[in-house]
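For reference, the structure discussed in these notes is given below.
One is the number of the first residue; the rest follow in order along the sequence. Computed from a predicted model, the values in this text were never measured in an experiment. Counting starts at 1 for both ligands and their atoms, following the listed order.
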Amino acid sequence: MTDLDKHNRMANAVRFLSIDAVQKANSGHPGLPMGAADIATVLFTRFLRFDPTEPKWADRDRFVLSAGHGSMLLYSLLHLTGYEDFTLEELKNFRQLGARTAGHPEYGHGGGIETTTGPLGQGLANAVGMAMTERMLQAEFGKDLVNHHTYALVGDGCLMEGISQEAISLAGHLKLNKLIVLWDDNGISIDGSISLSDSTDQLARFKACGWETVSIDGHNPTQIASAIEAARKSDRPTLIACKTTIGYGSPNKAGKNSAHGSPLGTDEIKITREALGWTDEPFEIPADIRDAWRIAGLRAAQANTEWAKRFEAADAVTRAEFERRQRGDLPSALGDAIRALKTKLAEEKPSLATRKASEVALEAINAAVPETIGGSADLTGSNNTRTKDMKAITPDDFSGRFVHWGIREHGMAAAMNGMALHGGVIPYSGTFLVFTDYCRPAIRLSALMGIRVIYVMTHDSIGLGEDGPTHQPVEHLAALRAIPNLLVLRPADATETAECWQIALENRNGPSVLALTRQNLAAFRTTLEAKNLCANGAYEVCSCDDEAKVTLFATGSEVEIAMAAHAQLTEDGIPTRVVSVPSFELFKKQSDDYRSSIIGTAPVKIAVEAGIEMGWSRFIGDDGLFVGMDSFGASGPYKELYEHFGITAEVAVSKAKARLEALEKTTEE
Ligand SMILES: Cc1ncc(C[n+]2csc(CCOP(=O)(O)OP(=O)(O)O)c2C)c(N)n1
């Protein structure tokens with residue numbers, strides 16, 4: 001058998017596992033695995049360094065399937081190279097409930113999946129974040145421990161999505177030369193030919209962004225191998241445009257959109273078998289081809305054995321630190337740092353905007369937690385995410401810990417996902433809360449994948465003032481609270497901000513959003529509480545001796561307003577409590593008893609938040625009162641805006657009194 005024959009049969013093994021699994025599931029995308037099988041076979045058998053027996057080996061090459069709909073390609077490769085999570089049984093259960101072989105697996109379904117992205121384009125940006133992390137960890141731990149490539153397989157769809165521009169321009173700027181993007185250049189998407197909707201010269205676009213580019217025949221293993229070899233030597237990231245035929249091998253569907261997203265059908269599969277000379281039954285792989293794939297898996301794993309020797313040769317302190325970072329455990333110094341900070345804040349009682357309090361917290365955190373990587377989408381001075389000793393990374397020096405993402409919120413959020421997925425770092429970065437809309441698809445994926453990414457979102461209400469309604473979030477807190485597994489934290493003073501940072505860092509299995517103010521807030525946590533009170537999600541900040549008639553619930557900047565209303569109502573002889581609610585999600589996790597005690601039995605319940613009411617009924621019930629927004633904001637000085645929109649202590653007081661009177665009247669009647 002010639003090398004070419006062997007290659008073809010190995011690639012056909014990938015093709016037929018994919019074709020047959022899609023057919024059995026009666027659902028899925030055979031076109032991409034059939035078209036990209038040659039590219040993947042060359043990459044996995046000759047270049048990619050991985051260890052099927054240790055999928056999390058820290059220095060493995062990363063392979064991101066950005067065109068996630070082609071997931072059967074990846075499952076077939078993982079099966080053939082010997083990953084235990086991807087047995088033949090799993091392949092036969094493709095797309096069935098509970099199977100590791102989900103339609104779009106994203107991450108966490110089984111060892112060997114770095115991430116594959118259902119929403120097109122995300123994976124490309126994830127790969128950029130991974131490649132950045134490799135460079136940063138290499139700068140910190142040295143080449144002996146960190147020295148790998150990041151490969152991404154992207155489709156036309158990934159390159160059409162806007163996020164691709166953010167990702168590639170950043171990668172080009174940073175000269176991420178160990179990032180290699182393989183474009184499955186098949187000219188077809190769901191509706192038909194790409195020419196229906198696009199005529200971009202992709203190579204010129206990448207070139208303009210500082211990339212090396214090359215176009216090859218994606219079915220020619222020699223060309224694929226030389227392109228990857230050249231890319232590995234490049235001083236810039238490389239786009240390899242691999243001209244392929246979608247549904248390669250299928251006599252009637254190859255090159256057509258009908259191959260994209262539905263099973264080929266039994267008749268077509270039969271003639272495809274004939275056309276490609278594949279005589280084996282579904283899910284049967286000839287022994288010599290199975291062996292050849294297993295050998296490829298062993299070849300790739302050899303690098304791990306060599307790496308392990310280098311790791312053993314490193315000093316004990318470096319090894320321990322490296323392993324801690326890989327596990328994602330926080331250093332014990334964090335607890336001490338937060339305690340010291342809270343003690344100082346209780347003594348000094350500073351009036352600070354929570355974005356500033358966040359910077360104060362970060363000074364302590366970044367000194368204690370070397371794995372934090374900060375950043376901002378061109379709002380560094382507003383988001384306050386860069387602490388004093390933080391050096392920014394540059395194309396020539398990755399020893400810094402701060403990223404100037406540029407005005408690329410979506411790319412930033414998705415690249416942070418890539419960083420968290422890579423491991424060894426904890427990414428946090430900021431923009432204005434209103435622009436969570438620009439990050440939302442990536443935030444949703446952080447939550448879906450259950451990864452630790454921290455979004456520092458400042459200017460969190462009409463309180464930002466003069467920039468006006470385009471910049472003033474109104475529905476955003478509610479919209480973010482709607483995302484499952486996302487912690488939305490809105491601290492109300494400097495101590496709460498420190499506590500919320502601690503919560504976000506300790507939230508290992510999901511992302512957190514910190515919603516922070518532009519305007520100053522008075523400190524109300526003026527005595528030291530060793531416990532993290534924000535971790536309860538909601539807790540009482542003002543109580544009353546008698547049975548409460550009014551309970552005010554508030555978050556962030558509106559806690560101050562609720563407390564002023566409390567003072568007024570108390571003076572008027574109405575027993576009132578105030579509850580600060582830094583996080584709906586954490587409150588929901590508390591015991592029934594705790595929750596009932598915090599909600600309480602006051603006949604009048606009022607929520608105060610400079611956002612929309614949606615979601616507050618959990619606290620105030622269906623007949624509760626709400627002091628907040630029900631329209632967009634306006635441009636003006638912030639104190640005037642609060643007056644204008646009626647988010648004041650006076651309004652809260654008069655609403656409470658009116659409701660109490662109405663209730664008393666009903667009782668009398
Ligand atoms: C953000 C986003 N929009 C739309 C889709 C639905 N979708 C899945 S695949 C696809 C077409 C992708 O075309 P291409 O990348 O060329 O893949 P191929 O047809 O080559 O498999 C679309 C529109 C998606 N997954 N993500």
Side-chain angles (χ1 to χ4, degrees), residues 14-15 18-19 21-22 27-40 64-76 94-95 102-107 115-127 152-168 181-200 202 205-206 215 217-219 239-250 253-264 409-411 413-414 417 437-446 448-449:
V14 172
R15 288 192 176 98
S18 304
I19 290 170
V22 170
S27 157
H29 301 75
L32 184 145
M34 294 167 76
D38 293 305
I39 308 166
V64 175
L65 182 64
S66 187
H69 57 280
S71 58
M72 257 324 296
L73 174 78
L74 183 59
Y75 300 144
S76 303
F94 179 49
R95 288 188 163 231
H104 297 91
E106 302 297 344
Y107 166 74
T115 184
T116 81
T117 47
L120 297 170
Q122 295 285 331
L124 176 55
N126 296 157
L153 182 71
V154 306
D156 301 298
C158 299
L159 298 190
M160 272 200 210
E161 291 291 351
I163 191 172
S164 71
Q165 185 54 33
E166 298 181 25
I168 68 172
V181 171
L182 299 146
W183 168 28
D184 181 30
D185 178 11
N186 62 24
I188 293 288
S189 67
I190 293 177
D191 278 1
S193 167
I194 294 300
S195 64
L196 289 172
S197 56
D198 195 41
S199 43
T200 305
Q202 293 290 0
R205 178 167 79 113
F206 276 78
S215 184
D217 173 354
H219 296 298
L239 172 75
I240 306 177
C242 309
K243 267 261 165 264
T244 60
T245 303
I246 191 168
Y248 179 92
S250 159
K253 296 195 172 178
K256 296 187 187 146
N257 57 338
S258 54
H260 167 89
S262 32
L264 294 186
E409 296 83 4
H410 196 183
N417 283 344
D437 285 343
Y438 274 49
C439 305
R440 194 175 172 90
I443 296 178
R444 185 173 189 272
L445 286 177
S446 325
L448 174 66
M449 294 192 279

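Using modelled atom types and a 3.5 Å distance limit, the side chains of Arg205 and Thr200 yield no donor-acceptor pair. In this structure, a donor-acceptor pair under 3.5 Å is present between the side chains of Ser18 and Ser76. Asp184 and Thr244 share a donor-acceptor pair across their side chains, judged by distance under 3.5 Å alone. Donor-acceptor pairing under 3.5 Å is lacking for the side chains of Glu161 and His410.
Of all the atoms in ligand 1, the ones that sit under 4.0 Å from a non-hydrogen atom of Gly118 are 24 (C), 25 (N), 26 (N). Under a 4.0 Å criterion applied to the non-hydrogen atoms of Ile188, ligand 1 contributes the atoms 14 (P), 16 (O), 18 (P), 19 (O), 20 (O). Distances below 4.0 Å separate heavy atoms of Glu161 from the following atoms of ligand 1: 1 (C), 2 (C), 3 (N). Those atoms of ligand 1 that come under 4.0 Å of a heavy atom in Asp156, given as number and element, are 14 (P), 15 (O), 16 (O). Close approach to Ile246 involves these atoms of ligand 1, each under 4.0 Å from a residue heavy atom: 18 (P), 19 (O), 20 (O), 21 (O). Which parts of ligand 1 touch His69 is read off a 4.0 Å heavy-atom cut-off, strictly below it: atoms 9 (S), 17 (O), 18 (P), 21 (O).
Taking CG of Asn257 as the start and CD1 of Ile246 as the end, the distance is 8.0 Å to the nearest 0.5 Å.
Considering backbone and side-chain N/O atoms, Ile194 never comes within less than 3.5 Å of an N/O atom of ligand 1. Inclusion of Gly155 in the set of residues having an N or O under 3.5 Å from an N or O of ligand 1 is not warranted.
Summary of contacts: the protein heavy atom closest to atom 23 (C) of ligand 1 is Ile190 CD1, 3.7 Å. Taking atom 14 (P) of ligand 1 as the reference point, the nearest protein heavy-atom neighbour is Gly157 N, 3.6 Å. The protein atom (non-hydrogen) at minimum distance from atom 12 (C) of ligand 1 is Leu120 CD1, 3.8 Å. Among all protein heavy atoms, the one lying closest to atom 20 (O) of ligand 1 is Asn186 ND2, 2.6 Å. For atom 13 (O) of ligand 1, the nearest non-hydrogen atom of the protein is Ser189 CB, 3.3 Å.
Look at Asp185 and Lys243 and you find a salt bridge, because one of the NZ, NE, NH1 or NH2 atoms lies within 4.0 Å of a carboxylate O, short of that distance.
Within the structure, ligand 1 has Pro119 among the residues with a heavy atom less than 4.0 angstrom away. Using a 4.0 Å cutoff on heavy atoms, His29 does not count as a contact of ligand 1.
Glu166 and Gly411 make their closest contact through OE1-N, 2.6 Å (heavy atoms, listed as atom of the first residue, atom of the second, distance). Leu120 and Ala67 get closest at one heavy-atom pair: CD2-CA, 4.3 Å. For the residue pair Ser66 and Leu124, the shortest heavy atom distance occurs at OG-N, 3.1 Å.
The backbone N or O of Thr245 sits less than 3.5 Å from a side-chain atom of His219, completing a donor-acceptor pair.
Aromatic ring orientation, His260 versus His69: tilted (interplanar angle from 30° to 60°).
Within the 4.0 angstrom cut-off, atom 6 (C) of ligand 1 has no protein heavy-atom neighbours.
By heavy-atom distance, the residue among Met160, His260, Met34, His104 lying nearest atom 19 (O) of ligand 1 is His260.
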